[in-house]
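Mind having a look at this structure? Questions to follow.
This one's a predicted model, so the numbers in the text were calculated from it and none came from an experiment.
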Amino acid sequence: MAYVLVVKMTARPGEEERAEELIRRLADASSAEPGSVHYIAHRDPEDPRVFLMYEQYADESAFKEHGETEHFKTLAAGELFGLMESRERAVYETLD
């Protein structure tokens, strides 16, 4: 079974373009990780402050390794999360 994380984030007003830039960089770097299966960023077409990340990893260990990468620490924890008004996370496992 793969390990899945779905994150919905809402940027503070005026921070949405910077958030998109960081999310694009984070998605590019995270997609290249050996344990990454899918790392897909979305933006709400009706509310441009709202972003959804669909992240799928080979297993929970690969997810934990993602959290230790320099790009996660710098782009996500170091910058992106500080731009957010809210952040909701949900964890799933695939049925295979």
- Task: Report yes if the distance between the aromatic ring centroids of Tyr3 and Phe63 is under 6.0 Å, otherwise no.
- Result: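 Yes; Phe63 has its ring centre under 6.0 Å from that of Tyr3.
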- Any donor-acceptor pair under 3.5 Å linking the side chain of Ser30 with the backbone of Leu26?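 Judged by distance alone, yes, a pair lies under 3.5 Å.
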- Item | Val91 with Tyr39, same ILVMFWY side-chain cluster at under 4.5 Å |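 Per the 4.5 Å side-chain linkage, Val91 and Tyr39 are co-clustered.
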- Hey, does Leu5 have a side-chain heavy atom less than 4.5 Å from the side chain of Arg89?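 Sidechains of Leu5 and Arg89: in contact.
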- Minimal non-hydrogen separation, Met84 against Ala19, with atom names: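 Answer, listing the atom of Met84 first, then Ala19: CE-CB, 3.7 Å.
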- Task: Indicate yes or no: at least one non-hydrogen side-chain atom of Val50 is less than 4.5 angstrom from one of Lys8.
- Result: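 Yes, close enough: below the 4.5 Å cut-off.
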- Would you give the length of the straight line joining atom CD of Glu20 to atom CG of Leu83, rounded to the nearest 0.5 angstrom?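 Between Glu20 CD and Leu83 CG, I get 12.5 Å after rounding to 0.5 Å.
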- If Ile, Leu, Val, Met, Phe, Trp and Tyr residues are connected whenever their side-chain heavy atoms lie under 4.5 Å apart, and connections chain through other members, are Tyr92 and Tyr54 in the same group?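 Yes; Tyr54 is reachable from Tyr92 via cluster members.
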- Message: In the structure I gave you, are the side-chain heavy atoms of Leu52 and Val6 within less than 4.5 Å of one another anywhere?
- Response: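 Yes, their side chains come closer than 4.5 Å.
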- Message: Nearest 0.5 angstrom please: Leu95 CG to Met1 CE, how far?
- Response: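 Reported value, rounded in 0.5 Å steps: 8.5 Å.
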- Assign the ring pair His71 / His66 to parallel, tilted or perpendicular, where the plane angle (0 to 90°) is split at 30° and 60°.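 The arrangement is tilted - the two ring planes meet at 30° to 60°.
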- Message: Please check this pair: side chain of Arg18 against backbone of Glu79, looking for a donor-acceptor N/O pair closer than 3.5 Å.
- Response: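 No; zero donor-acceptor contacts below 3.5 Å.
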- Task: Flag yes if Phe72 and Leu75 sit in one hydrophobic cluster, no otherwise; membership is Ile, Leu, Val, Met, Phe, Trp, Tyr, and two members link when side-chain heavy atoms are under 4.5 Å apart.
- Result: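 Shared cluster, yes.
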- Side-chain donor/acceptor of His42 to backbone N/O of Phe51, under 3.5 Å: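 Checking the backbone N and O of Phe51 against the side chain of His42, no donor-acceptor pair under 3.5 Å is found.
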- Is the number of heavy atoms from other residues, nucleotides or ligands under 6.0 Å of Arg24 CZ greater than 12?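 Result for CZ/Arg24: open.
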- Message: If I compare all heavy atoms of Pro48 with all of Arg43, which pair ends up nearest, and what's the gap?
- Response: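 In terms of heavy atoms, the two residues are closest at O-NE, 2.7 Å.
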- Message: Using the salt bridge (charged side-chain N to carboxylate O under 4.0 Å, His left out) definition, which of the options Glu17, Glu85, Glu15 pairs with Arg49?
- Response: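 With Arg49 as partner, salt bridge (charged side-chain N to carboxylate O under 4.0 Å, His left out) holds for just one option, Glu85.
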- If two hydrophobic side chains count as joined below 4.5 Å and joins carry through other members, does Leu22 share a cluster with Phe81?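 Same cluster: Leu22 reaches Phe81 through Ile, Leu, Val, Met, Phe, Trp or Tyr contacts under 4.5 Å.
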- First locate atom OG1 of Thr10, then atom CZ of Arg87, and finally report the distance between them rounded to the nearest 0.5 Å.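 One finds 12.0 Å between OG1 of Thr10 and CZ of Arg87.
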- Message: Test side-chain contact (heavy atoms from CB on, under 4.5 Å) on Ile40 and Met53; report intermediate values, then the result.
- Response: CA-CA 6 Å; Ile40 306 169; Met53 309 295 290; over 6 Å; no
- Evaluation steps, side-chain contact (heavy atoms from CB on, under 4.5 Å), between Glu33 and Tyr57: CA-CA 9 Å; Glu33 294 173 27; Tyr57 300 90; 4.2 Å; yes
- Item | Connected via hydrophobic side-chain network under 4.5 Å: Val4 and Ile23 |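 No; Ile23 is not reachable from Val4 via cluster members.
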- Query: Between Ser36 and Ser31, what is the shortest heavy-atom contact and its length?
  - Reply: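 Answer, listing the atom of Ser36 first, then Ser31: OG-CA, 3.8 Å.
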